[in-house]
Amino acid sequence: MAGRQGNKEGPVLVCRNVKVSGRRTSLRMEPYIWESLKEICEREGLTLNDICTQIDQRRGEANLTASIRVFIVSYFRNAIGSRGFSEDGPSSILRKAMDDAIPPFD
């Protein structure tokens with residue numbers, strides 16, 4: 001199963017420490033989620049701690065890692081708008097997202 005992340009137990013998770021609202025906490029997320037969050041931080045000129053704190057302050061009772069994942073999807077959905085969508089079959093955006101998130105079997 002070359003070319004695929006994870007195994008029968010599920011996707012590979014990476015644990016990192018961040019400071020959220022001044023307290024240190026560990027977050028376990030997929031490498032692609034970490035990369036996406038890092039890209040957002042770079043685009044917005046914010047630190048990882050800053051963005052995680054902002055998400056934490058708005059999440060209510062929701063799980064922090066789930067809130068981060070939803071934030072990332074929302075950020076990129078808003079960034080892309082309706083550009084690139086195809087009326088006649090799968091768009092290039094769909095194909096690229098599938099290839100990035102779930103590489104094809106070799």
Side-chain angles (χ1 to χ4, degrees):
M1 219 186 281
R4 291 195 54 121
Q5 276 191 333
N7 52 37
K8 289 183 181 181
E9 290 80 41
V12 174
L13 298 176
V14 175
C15 188
R16 295 204 176 132
N17 293 318
V18 296
K19 270 195 171 176
V20 177
S21 299
R23 69 187 190 293
R24 188 175 150 237
T25 190
S26 296
L27 300 174
R28 288 174 34 124
M29 299 186 293
E30 299 80 2
Y32 201 73
I33 297 296
W34 284 114
E35 291 168 19
S36 298
L37 191 56
K38 179 182 175 196
E39 182 178 338
I40 292 169
C41 289
E42 289 171 358
R43 287 172 179 241
E44 299 297 331
L46 296 169
T47 68
L48 179 64
N49 296 338
D50 291 338
I51 218 155
C52 288
T53 295
Q54 288 184 38
I55 294 167
D56 183 59
Q57 291 169 346
R58 293 169 170 249
R59 69 184 172 95
E61 297 297 315
N63 176 280
L64 180 57
T65 55
S67 297
I68 290 169
R69 287 182 180 99
V70 170
F71 163 77
I72 291 168
V73 170
S74 178
Y75 183 91
F76 286 114
R77 281 182 73 179
N78 282 297
I80 190 100
S82 61
R83 294 175 293 150
F85 292 104
S86 173
E87 297 275 333
D88 57 351
S91 70
S92 60
I93 295 169
L94 175 67
R95 289 189 300 273
K96 178 74 171 123
M98 283 293 198
D99 289 346
D100 287 349
I102 309 163
F105 289 110
D106 290 336

Contacts of R43 meeting side-chain hydrogen bond (donor to acceptor under 3.5 Å, both in side chains) (sequence neighbours excluded), chain-then-number -> E39
Under the side-chain hydrogen bond (donor to acceptor under 3.5 Å, both in side chains) test, residues paired with T25 that sit two or more places apart: none
Nearest heavy-atom contact between V14 and W34 is O-NE1, 3.0 Å
Beyond-backbone contact of D50 with E44, side-chain heavy atoms, under 4.5 angstrom: no
With rounding to the nearest 0.5 angstrom, report the CG to CD distance, L48 to E42. 11.0 Å
At what distance, to the nearest 0.5 angstrom, does NZ of K38 lie from OG of S36? 11.5 Å
With a cut-off of 6.0 Å (strictly less than), are more than 12 heavy atoms of other residues, nucleotides or ligands near CZ of R24? no
To the nearest 0.5 Å, how far apart are CG in L64 and OG1 in T53? 9.0 Å
Run the side-chain donor-acceptor check on residues 66-74: report pairs under 3.5 Å with partners two or more places apart or on a different chain.
from	atom 1	to	atom 2	distance (Å)
S67	OG	N63	O	2.9
R69	NE	E30	OE1	3.3
R69	NH2	E30	OE1	2.9
R69	NH2	E30	OE2	3.4
S74	OG	N78	ND2	3.3

Validation row: R16, L37 side chains within 4.5 angstrom (heavy atoms): no
If hydrophobic clusters are built by linking Ile, Leu, Val, Met, Phe, Trp and Tyr wherever their side-chain heavy atoms come under 4.5 Å apart, do Y32 and L27 end up in the same one? no
OG (S21) and CD (Q54) are apart, to the nearest 0.5 Å, by 10.0 Å
